[in-house]
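Here's the structure, in structure tokens; my notes come after.
Start at 1 and go down the list; that is how both ligands and their atoms are numbered.
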Amino acid sequence: MTTQFSQTYKKDHDFSKVLHGKNAADKEGFSAMFNKDSRAQQTVNSYFSFWDHKAPGQETDTDKKERLSNYSKLTNAYYNLSTDLYEYGWAQSFHFATYYPGESFFQALARHEHYLALKMNIQDNYNVLDVGCGVGGPAREICTFTNANITGLNNNDYQIERARNYTTRRGLSEKIRFVKGDFMQMPFDDACFDAVYAIEATCHAPKLEGVYGEIYRVLKPGGIFGVYEWVMTDSYDASDPEQRKVAYGIEVGDGIPQMVTMSDARNALKKVGFGIILEDDLAAHGDVVPWYYPIAGQLKHVRSMGDFWKVFTMTKFARTSLNYMVGGLEMIGLAPKGTQRVGTNLAVAADALVTGGERNLFTPMMMFVCKKPKT
Ligand SMILES: CC(C)=CCC[C@@H](C)[C@H]1CC[C@H]2C3=C(CC[C@]12C)[C@@]1(C)CC[C@H](O)C[C@@H]1CC3
């Protein structure tokens with residue numbers, strides 16, 4: 001690692017400690033959220049400086065370029081702010097899933113991960129890279145499902161610390177390790193992994209060719225790459241202000257510098273050299289239970305008490321009530337400044353994702369399974 005990189009990494013790490021508190025990685029949900037110190041406001045300001053006064057339609061090319069060239073800062077600030085809420089409101093697996101009628105929320109998340117592992121043909125003791133591993137939910141599940149050795153790559157210190165803690169608690173530290181690094185310049189040698197997967201993570205890249213090119217480089221010849229990509233579908237029309245508003249809501253609400261289309265993703269994979277073995281938009285199968293039902297708060301699809309509570313907290317009523325409560329706590333100094341704004345931003349995300357799903361403008365599960373040629 002160069003000196004400049006190691007200095008940046010140390011600065012991020014120290015900042016994460018100050019922001020989240022020394023023992024925050026041991027805490028969960030609200031307790032972790034309220035453990036942040038006054039620098040939370042600084043992170044909120046840093047994140048929203050990329051978006052403030054830049055409503056869809058008013059953005060200039062310079063605004064967009066600014067987000068793309070600062071993707072790492074933008075994504076880090078986003079996850080420093082949103083990780084606790086993700087874990088509290090969702091799960092340790094930061095992705096969506098398809099649902100069969102009657103299937104539980106957690107079962108569907110795990111099945112979605114198994115499905116990718118199965119289609120990639122991940123075998124016992126394969127060396128597998130998880131690009132943008134979050135707090136390690138999918139890595140733990142895929143490791144126990146396949147018995148592969150997994151390396152989780154992540155650029156966010158707070159998430160890495162949490163990932164390591166959960167993995168140790170599950171007794172999986174011999175099989176899974178977590179490495180800090182930027183997926184546009186991976187800290188790995190050429191051709192060192194048998195397989196690489198990325199679950200709803202590479203959309204944070206400023207350019208898909210960049211991250212796909214790195215994945216191609218670190219894969220062994222003949223190695224497999226499997227991805228669930230976040231893309232706008234081919235029916236998306238960026239020149240329609242209503243549709244652009246949906247994409248913009250997804251960008252600002254989910255820390256994404258710029259949403260791209262399905263064709264962009266397909267072309268980027270081919271351009272870096274991959275052969276596409278399988279391509280399937282899992283959101284387009286006409287499922288009875290839509291992938292976005294939890295964040296739409298659609299209680300009619302719930303089949304158990306546990307899921308009822310989970311989906312209830314995602315209804316507009318529960319989200320808004322929670323946000324008022326957090327605003328009150330913020331006012332009396334019990335919650336760090338900016339917490340409410342983060343909640344409001346996640347509500348923007350949820351609404352845009354649901355609209356994108358309902359209108360078939362967006363999919364979070366564009367699945368590609370690709371192969372690096374043997375020679
Ligand atoms: C950002 C990317 C690429 C992937 C994350 C996908 C999902 C796990 C998140 C997208 C929107 C998030 C929201 C929440 C949890 C995580 C997501 C579903 C909440 C339910 C967390 C609790 C808040 O009160 C409401 C949030 C709505 C959005």
The closest protein heavy-atom partner of atom 3 (C) of ligand 1 is Glu200 O, 3.2 Å
Looking at atom 23 (C) of ligand 1, what's its closest protein heavy atom, distance included? Leu85 CD2, 4.3 Å
Can you list the atoms of ligand 1 that are under 4.0 Å from a heavy atom of His204? 3 (C)
One thing to verify: whether Asp237 and Arg359 come together as a salt bridge, which I'm taking to mean a side-chain N less than 4.0 angstrom from a carboxylate O. no
Under 4.0 Å from atom 21 (C) of ligand 1, is there any protein heavy atom? yes
Which residue and non-hydrogen atom of the protein lie closest to atom 4 (C) of ligand 1, and at what distance in Å? Trp230 CZ2, 3.4 Å
Enter the distance from Ser239:OG to Arg244:CZ here, rounded to the nearest 0.5 Å. 11.5 Å
Would you confirm whether the ring centroid of Tyr79 sits within less than 6.0 angstrom of the ring centroid of His204? yes
When you check the gap from the basic side-chain N to the acidic O, do Arg303 and Glu103 get nearer than 4.0 Å? no
Begin from the C-alpha positions of Trp90 and Phe96 and carry the test ring pair (Phe, Tyr, Trp, His ring centres under 6.0 Å) through to its verdict. CA-CA 10 Å; Trp90 193 254; Phe96 290 104; 5.3 Å; yes
Note the single closest protein heavy atom to atom 24 (O) of ligand 1, along with its residue, its atom name and the distance in Å. Leu322 CD2, 4.0 Å
Would you check if the distance from the ring center of Tyr216 to the ring center of Phe274 is below 6.0 Å? yes
Is the centre of the Tyr228 ring less than 6.0 Å from the centre of the His112 ring? yes
Regarding atom 9 (C) of ligand 1: of the candidates Tyr86, Tyr292, Trp90, which has the closest heavy atom? Tyr86
Atoms of ligand 1, numbered as shown, that sit under 4.0 Å from any heavy atom of Arg319: 25 (C)
Closest approach of any protein heavy atom to atom 27 (C) of ligand 1, naming residue and atom: Leu346 O, 3.6 Å
Ligand-side contact atoms (ligand 1) for residue partner Asp254, heavy atom cut-off under 4.0 Å: 1 (C), 10 (C), 11 (C)
Strictly under 4.0 Å, does any heavy atom of Cys203 approach an atom of ligand 1? yes
If you group Ile, Leu, Val, Met, Phe, Trp and Tyr by side-chain heavy-atom gaps below 4.5 Å, do Val252 and Val231 land in one group? no
Closer than 4.0 angstrom, basic N to acidic O: yes or no for Arg164 and Glu161? no
Atoms of ligand 1 less than 4.0 Å from Met314 heavy atoms? 20 (C)
Looking at ligand 1, does Tyr79 have a heavy atom less than 4.0 Å from it? yes
Using 30° and 60° as the class limits, which term best fits the ring planes of Phe193 and Phe188: parallel, tilted or perpendicular? perpendicular
Hey, which atoms in ligand 1 end up nearer than 4.0 Å to a heavy atom of His95? 8 (C)
Say whether Leu353 and ligand 1 are in contact under the criterion: heavy-atom distance to a ligand atom below 4.0 Å. yes
